[in-house]
Amino acid sequence: VFTWSYENSGNRSLYQKSFSVKITDENETVFEKKFRSNDMRFEYKGKLLELHSYNFELCAVLSDNSEVKAKKTFKTGLYGKKFADFGAKWITASKKYEDRAISFRKSFEIKKDVKSAEIYVLSSSWQRVYLDGTALKSDAFLLPPNASLNERCVYVCYELESLKKGKNDIKILLGAGYNSYYVRFGWRWLKGKGMSCLLTLRYTDGTSENIVSDESFEIFDSKISYCDMYNGEVFDAGYSPSKLENAVEGSAPKGFCAAAEIPEIKVIKRIKPVNSFKFGSSVIYDFGENFCGLAKISLKAKSGHKIKLEFSELLTDEKTLNKHSNYKAKATDIYICKGGDREEYTPYFTYHGFRYAKVSGINKNVSEFEIEGLFLSADLKSESGFLCSDSTVNRIYENMMRSLRSNFVSIPTDCCMRGERTPCLMDSACVETAAIYNLNMDSFYNNWLENIIVAKDEIEDHGNPDW
């Protein structure tokens with residue numbers, strides 16, 4: 001379905017008399033039709049479009065006989081289909097590897113010039129996809145968004161712009177997510193780590209080819225020996241991953257495929273500490289405000305040196321971390337240095353709610369240490385703002401917006417620090433009006449409503465989610 005609207009020209013008597021649409025694939029016209037209608041909506045019912053990008057061209061005639069033209073590119077997806085329809089298998093490991101991150105790898109040969117290529121990935125864990133060692137969507141975190149895999153399988157599409165003739169390597173790293181440790185009040189994903197992928201190739205000579213997930217994928221361990229949404233991540237920068245086994249075919253999720261259309265989770269603000277002080281042999285950094293996200297560190301240290309980061313919203317009277325509001329979340333990241341040059345670390349498969357970070361391991365073996373807070377949230381566009389002459393009222397508004405954004409991590413959550421982070425309807429209902437006034441929530445809440453629609457069957461079949 002295609003929709004459009006017009007900017008206000010100041011002439012309230014203008015209206016649309018008719019319009020024509022054209023869908024093209026490069027220079028080839030796939031669909032073209034004229035309509036005598038004032039509808040600003042067009043539902044395509046032509047032939048099934050293949051998986052790639054097309055152009056949508058609109059020409060509207062207004063009541064003064066002037067024409068308005070627009071052209072947009074859109075991409076088709078897998079909605080309503082399954083990866084198996086394209087020959088892609090659901091592959092997994094023979095062992096669970098529940099706590100550590102593992103990667104699925106495959107090398108493939110390209111013998112022609114590539115015109116365009118995409119890879120579609122569905123996984124039962126948060127994913128990070130690499131082409132020839134370079135991360136795709138490197139500025140996005142915690143993909144894919146949460147949904148019930150028994151009812152609705154949300155996949156992620158990646159553009160492959162640097163494919164070359166010859167050998168190419170694809171790696172799909174799977175970490176934590178909404179797995180069996182996620183509380184029962186939300187949509188839990190499948191146990192173990194599994195995925196399906198479909199790599200579509202269009203060549204300049206007009207031919208095409210698909211590469212799909214199957215038993216030819218190899219499974220490797222990773223530098224991430226532990227990861228969990230609540231408890232944090234352990235990353236050994238000096239470790240060299242090794243092969244664990246070949247992938248095996250598993251039971252695919254039952255849900256229908258849907259594209260991840262909500263704004264991706266990104267760093268919406270970088271926050272420097274406003275203060276730091278010693279507590280025993282550790283250093284506590286105060287970022288001045290509570291927020292949802294991660295701490296990025298950079299340093300020089302010897303190989304094997306360990307840096308431990310712990311997080312909380314509060315301090316005790318003794319000026320150390322008060323983790324009471326974390327509930328059961330340990331909120332601890334550990335980085336083991338590779339040594340040599342200056343190195344940086346940002347966790348992949350966790351997030352925390354915090355104001356304070358306690359860092360242990362800063363000693364004579366460490367130099368040039370820096371820390372920065374990364375505020376993570378769905379990348380929602382601001383629609384309005386508020387400012388007045390009273391600084392206290394302004395601060396209340398800022399706190400409210402920070403609280404909203406801290407709980408928009410693929411689903412509207414009840415908190416970002418506790419061992420819960422669930423999409424309770426009652427919690428969401430309290431802030432939805434404020435969110436819609438201030439942010440463009442269209443795609444975010446559309447995704448949320450789709451999840452709610454399938455929740456009835458999920459509750460009846462599995463008792464999950466429980467709200």
Side-chain angles (χ1 to χ4, degrees), residues 141-142 175-176 224-237 265-301 305-337 342-377 398-399 402-403 405-407 409 413 415-421:
F141 290 78
L142 311 179
I224 302 173
S225 61
Y226 177 85
C227 53
D228 180 82
M229 180 197 304
Y230 304 132
N231 295 333
E233 183 177 288
V234 178
F235 189 100
D236 188 346
I265 300 166
K266 295 187 177 182
V267 177
I268 62 169
K269 183 180 180 182
R270 295 177 178 269
I271 304 171
K272 297 290 186 182
V274 297
N275 189 22
S276 64
F277 50 90
K278 296 275 289 185
F279 184 85
S281 61
S282 303
V283 180
I284 295 178
Y285 292 88
D286 177 5
F287 291 92
E289 58 189 71
N290 284 328
F291 63 97
C292 164
L294 301 164
K296 174 184 176 181
I297 61 171
S298 58
L299 72 161
K300 290 186 71 173
H305 187 78
K306 185 183 294 186
I307 298 291
K308 181 179 180 181
L309 300 99
E310 302 172 81
F311 302 91
S312 74
E313 293 185 311
L314 305 168
L315 293 179
T316 66
D317 292 339
E318 293 76 27
K319 299 298 181 182
T320 188
L321 298 190
N322 180 347
K323 294 189 176 183
H324 177 74
S325 65
N326 288 7
Y327 189 43
K328 296 181 179 179
K330 294 181 180 178
T332 300
D333 300 327
I334 295 175
Y335 180 69
I336 303 171
C337 300
R342 185 177 178 83
E343 44 198 300
E344 294 182 348
Y345 169 60
T346 303
Y348 292 164
F349 298 127
T350 189
Y351 74 94
H352 315 294
F354 65 100
R355 171 177 171 174
Y356 301 97
K358 178 182 176 182
V359 183
S360 304
I362 302 177
N363 54 33
K364 63 181 181 181
N365 296 318
V366 176
S367 62
E368 302 178 31
F369 182 86
E370 293 183 1
I371 187 169
E372 180 181 40
L374 306 180
F375 190 164
L376 294 185
S377 180
E398 291 171 9
N399 291 349
R402 190 166 62 251
S403 180
R405 287 188 177 273
S406 289
N407 285 287
V409 180
T413 57
C415 62
C416 61
M417 86 300 295
R418 291 162 59 84
E420 294 182 357
R421 308 175 201 183

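Fair warning: this is a prediction, and the values are worked out from it, not measured in the lab. Reckoned from all heavy atoms, side chains included, excluding hydrogens, waters and symmetry mates.
Annotation: side chain of Val359 is in contact with side chain of Ile307 (closest heavy-atom distance under 4.5 Å). Counting heavy atoms from C-beta outward, Asp317 and Asn322 have side chains that stay 4.5 Å or more apart. Side-chain contact between Leu374 and Arg270: present, with at least one pair of heavy atoms (C-beta onward) separated by less than 4.5 Å. Between Val283 and Lys278 there is a side-chain heavy-atom pair separated by less than 4.5 Å. Side-chain contact between Val267 and Leu376 is present, with heavy atoms from C-beta onward closer than 4.5 Å. The shortest distance between side-chain heavy atoms of Glu310 and Lys323 falls below 4.5 Å. Between Arg342 and Glu370, some side-chain heavy-atom pair lies under the 4.5 Å cut-off. Put simply, the side chain of Ser225 does not reach to within 4.5 Å of the side chain of Asp236, judged on heavy atoms.
Here the straight-line distance linking atom NZ of Lys319 with atom CZ of Phe279 works out to 11.5 Å at 0.5 Å rounding. Leu142 contributes atom CG, which lies 7.5 Å from atom CG of Leu294 (distance to the nearest 0.5 angstrom). With values rounded to the nearest 0.5 angstrom, Ile334 atom CD1 is found 13.5 Å from Phe235 atom CZ. The distance from the OH atom of Tyr285 to the CD1 atom of Ile297 is 10.0 Å, given to the nearest 0.5 Å. A distance of 12.5 Å separates OH of Tyr356 from OG of Ser276, quoted to the nearest 0.5 Å. Distance NZ/Lys358 to CG/Leu315: 10.5 Å, rounded to 0.5 Å.
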Given Thr320 and Ile284, is the side chain to side chain contact (heavy atoms under 4.5 Å, CB included) satisfied, shown in steps?
CA-CA 8 Å; Thr320 188; Ile284 295 178; 4.3 Å; yes
Step by step, work out the side chain to side chain donor-acceptor pair (under 3.5 Å) result for Asn231 and Tyr226.
CA-CA 9 Å; Asn231 295 333; Tyr226 177 85; 3.2 Å; yes
Worked verdict on Cys415 versus Arg421 for side chain to side chain contact (heavy atoms under 4.5 Å, CB included)
CA-CA 5 Å; Cys415 62; Arg421 308 175 201 183; 4.3 Å; yes
Using the rule given for side chain to side chain contact (heavy atoms under 4.5 Å, CB included), can you reason through Val409 versus Cys416, listing the C-alpha separation, both sets of side-chain angles and the distance that settles it, and then say yes or no?
CA-CA 9 Å; Val409 180; Cys416 61; 5.9 Å; no
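Panel note: side chain Thr316, backbone Leu321; no donor-acceptor pair is recorded below 3.5 Å. In terms of modelled atom types and a separation under 3.5 Å, the side chain of Glu233 and the main chain of Tyr348 share a donor-acceptor contact. For the pair Asn326 (side chain) and Arg418 (backbone), a donor-acceptor distance under 3.5 Å is absent. In this structure a side-chain-to-backbone donor-acceptor pair under 3.5 Å is present from Ser406 to Arg402. No donor-acceptor distance shorter than 3.5 angstrom exists from the side chain of Glu372 to the backbone of Lys296, with no hydrogens or angles considered. With His305 contributing its side chain and Gly361 its backbone, the two residues share a donor-acceptor pair below 3.5 Å.
The aromatic rings of Tyr335 and Tyr345 sit parallel, their planes meeting at an angle under 30°, below the 60° perpendicular limit.
If you look at Phe141 and Tyr351, their ring centroids are not closer than 6.0 Å.
Not counting sequence neighbours, the partners of Phe311 by the ring pair (Phe, Tyr, Trp, His ring centres under 6.0 Å) test are His352, Phe354. Looking at residues two or more places apart in sequence or on another chain, you find a ring pair (Phe, Tyr, Trp, His ring centres under 6.0 Å) between Phe375 and Phe291.
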